[in-house]
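Values in this document were obtained by computation on a predicted structure and should not be read as measured data. Both counts, for ligands and for their atoms, begin at 1 and track the order of listing.
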Amino acid sequence: MKVLIATEKPFAAPAVNGIREIIEGAGFQLALLEKYTEKAQLLAAVADADAVIIRSDKIDSEVIDAAKQLKIVVRAGAGYDNVDLEAATAHNVVVMNTPGQNANAVAELVLGLLVYTVRNFYNGKSGTELMGKHLGILAFGNVGRNVARIAKGFGMEVSAYDAYCPAEAIEAAGVHAAKNQDELFETCDIVSLHIPATAETRQSINRALVGKMKKGGILINTARKEVINEPELLALMAERTDLKYITDIMPDADAEFAKFEGRYFSTPKKMGAQTAEANTNAGLAAANQIVGFIKEGITKFQVNK
Ligand code: 3PG
């Protein structure tokens with residue numbers, strides 16, 4: 001039984017060591033493909049793999065076709081929009097994610113980026129504080145909940161909206177439940193995106209929605225670039241010179257956004273889950289899920305049912 005870790009953006013070393021212990025401890029073999037630059041390298045590496053652990057690595061139908069022995073893919077992380085679920089299902093390949101395992105890391109980055117932003121990117125000029133500001137959280141999953149917890153520590157007022165989470169569950173977490181997306185954008189000083197990239201959400205963060213934000217509004221995206229309607233956001237920011245866009249996922253139109261000096265920041269590479277702790281949590285969970293599936297048929301976190 002061969003388990004491949006295929007990570008273009010590698011895990012921290014302790015995470016790889018921990019995964020190795022679990023996989024070899026189960027009597028399986030571990031192979032490692034890190035920092036690959038060509039798809040051909042991935043296609044070659046999956047050829048004899050029974051199981052694959054990935055991060056944002058793209059597993060499309062070509063990769064699934066090339067992996068003749070593949071039984072399971074575990075996305076060590078939350079979002080699985082990088083995996084072709086239909087192709088996997090058609091080839092009887094189980095796909096899982098590891099929900100929640102890297103959520104705190106992403107949430108800490110949100111608050112870190114916000115401090116950086118309201119302090120004018122540390123340029124020496126007087127900035128503002130987060131305390132007392134109204135933060136809107138779009139989607140109240142594992143990351144959204146962690147953002148709320150930390151933001152409350154900053155003394156922020158916190159609201160959330162989630163199309164799939166009842167208002168009572170949001171209120172139970174001590175967060176105001178906005179009636180809808182529009183209310184969130186209209187009432188909050190800062191909106192933090194935590195929606196997955198789905199057919200429904202792609203390009204849903206558009207001019208009409210962001211245009212509802214109050215003067216000086218900040219939109220922060222640590223979710224997916226695909227949820228942003230980039231041409232519309234660019235047009236809006238050209239018009240509304242008070243708005244800021246902060247992201248951990250570099251937009252396709254990065255060069256265009258970069259023209260809004262002092263109102264735009266993107267990390268050069270997605271950093272949200274890039275901590276030793278998150279790598280270890282998600283990596284070990286992935287390894288344990290593979291062992292549980294191969295040895296006992298456990299499919300708890302399967303996403304292509
Ligand atoms: C996730 O969906 O878990 C995050 O976006 C992290 O992605 P990464 O593993 O590519 O850092």
Ion pair check, Lys39 and Glu8, cut-off under 4.0 Å: no
Does Lys58 NZ have over 12 foreign heavy atoms under 6.0 Å away? no
Does atom CD of Glu129 have more than 12 heavy-atom neighbours, drawn from other residues, nucleotides or ligands, at distances under 6.0 Å? no
Mind jotting down which protein residues get a heavy-atom contact under 4.0 Å with ligand 1? Chain and number order, please. Lys9, Arg55, Ser56, Arg75, Gly77, Ala78, Gly79, Asn102, Arg224, Lys270, Ala273
When rounded to the nearest 0.5 angstrom, what distance separates CG in Asp248 from CD1 in Ile220? 8.5 Å
Identified side chain to side chain contact (heavy atoms under 4.5 Å, CB included) counterpart of Lys270 within the set Leu109, Ile249, Thr247, Thr222: Ile249
What class does the angle between the rings of Phe257 and Tyr245 fall in, given that below 30° is parallel, 30 to 60° is tilted and above 60° is perpendicular? tilted
